[in-house]
Amino acid sequence: MRQRHEARHGPAPAHTAVADLLPDRTADAEEVPAPELPVTLDMPGKVADSLRSTELDPVERAALNQGVTVRRGQRHTLRVTAVPSVHRQILARCQPLDGGHGCRCPATPAQRKARREYENRVSALAP
């Protein structure tokens with residue numbers, strides 16, 4: 001019967017025999033997290049302006065510096081491309097714009113709204 005199978009389909013591929021001898025590699029694939037891909041988000045200009053005077057990590061600063069300013073009437077947004085974890089770090093630096101108690105410089109309603117808009121965009125990213 002094997003001879004008839006080989007006559008119709010050819011000999012069994014060698015790679016299956018080699019694959020049977022290799023150790024199971026699925027455990028390795030599960031342990032390594034998938035790399036994050038860069039995502040482009042529009043950051044309201046009020047958020048970007050407040051971050052310019054904030055102490056940032058080099059990666060966060062580079063993401064802001066490489067952002068593209070998009071004018072919208074009297075307002076502007078900064079189109080920032082970075083991996084989701086960097087967007088989350090930048091969002092964490094915006095906490096003073098919440099206008100919470102104990103903040104040295106109170107945030108204006110427009111700054112709080114701008115931060116909420118950026119927070120909604122970052123939150124929409126898959127974890």
Side-chain angles (χ1 to χ4, degrees):
M1 177 142 172
R2 183 174 168 92
Q3 292 174 346
R4 281 190 293 169
H5 173 78
E6 288 181 0
R8 277 186 287 179
H9 302 288
H15 66 82
T16 58
V18 173
D20 292 341
L21 298 174
L22 293 175
D24 187 20
R25 294 186 181 210
T26 57
D28 292 340
E30 292 174 6
E31 293 174 11
V32 177
E36 287 186 307
L37 298 176
V39 177
T40 301
L41 292 180
D42 285 346
M43 178 185 297
K46 292 194 180 295
V47 172
D49 293 343
S50 71
L51 288 170
R52 299 249 184 243
S53 61
T54 305
E55 187 175 323
L56 300 173
D57 289 341
V59 173
E60 297 167 340
R61 179 68 61 198
L64 283 180
N65 289 342
Q66 293 172 2
V68 177
T69 302
V70 179
R71 296 277 173 203
R72 299 180 187 238
Q74 294 179 349
R75 297 180 295 157
H76 72 281
T77 60
L78 187 66
R79 192 158 286 156
V80 178
T81 301
V83 294
S85 60
V86 172
H87 280 292
R88 288 185 196 94
Q89 289 173 344
I90 291 172
L91 179 63
R93 304 266 188 202
C94 300
Q95 290 297 350
L97 294 180
D98 275 345
H101 302 296
C103 183
R104 286 186 246 149
C105 53
T108 65
Q111 288 173 321
R112 288 193 297 269
K113 180 182 177 187
R115 187 202 176 279
R116 279 192 315 269
E117 287 176 8
Y118 184 57
E119 181 178 23
N120 290 339
R121 292 172 186 155
V122 172
S123 297
L125 297 174

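Computed from a predicted model, the values in this text were never measured in an experiment.
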Partners meeting side chain to side chain contact (heavy atoms under 4.5 Å, CB included) with Val39 (sequence neighbours left out)
Leu41, Pro84, Leu125
Please set out all donor-acceptor pairs under 3.5 angstrom arising from side-chain atoms of residues 43-55, sequence neighbours excluded.
unit_1 : atom_1 : unit_2 : atom_2 : d
Ser50  : OG     : Val47  : O      : 2.8
Ser53  : OG     : Ser50  : O      : 3.3
Thr54  : OG1    : Ser50  : O      : 3.0

Do the side chains of Val68 and Val80 join up, straight or via other hydrophobic residues, at under 4.5 Å, putting them in one cluster?
no
The complete set of side-chain hydrogen bond (donor to acceptor under 3.5 Å, both in side chains) pairs with one or both residues in residues 60-71, sequence neighbours excluded, reads Glu60-Arg93
List the residues meeting side chain to side chain contact (heavy atoms under 4.5 Å, CB included) with Val70, not counting sequence neighbours, and say none if there are none.
Arg72, Thr77, Arg79
What residues, two or more places apart in sequence or in another chain, satisfy side-chain hydrogen bond (donor to acceptor under 3.5 Å, both in side chains) together with Ser85?
Glu36
How long is the span from the CZ atom in Arg88 to the OG atom in Ser123, to the nearest 0.5 Å?
8.5 Å
Hey, could you give me the OG1/NE2 distance between Thr40 and His87, rounded to the nearest 0.5 Å?
7.0 Å
Minimal non-hydrogen separation, Tyr118 against Asp42, with atom names
CD1-O, 4.2 Å
Salt bridge (Lys or Arg N to Asp or Glu O under 4.0 Å) filter on Glu119, not counting sequence neighbours, yields Arg115
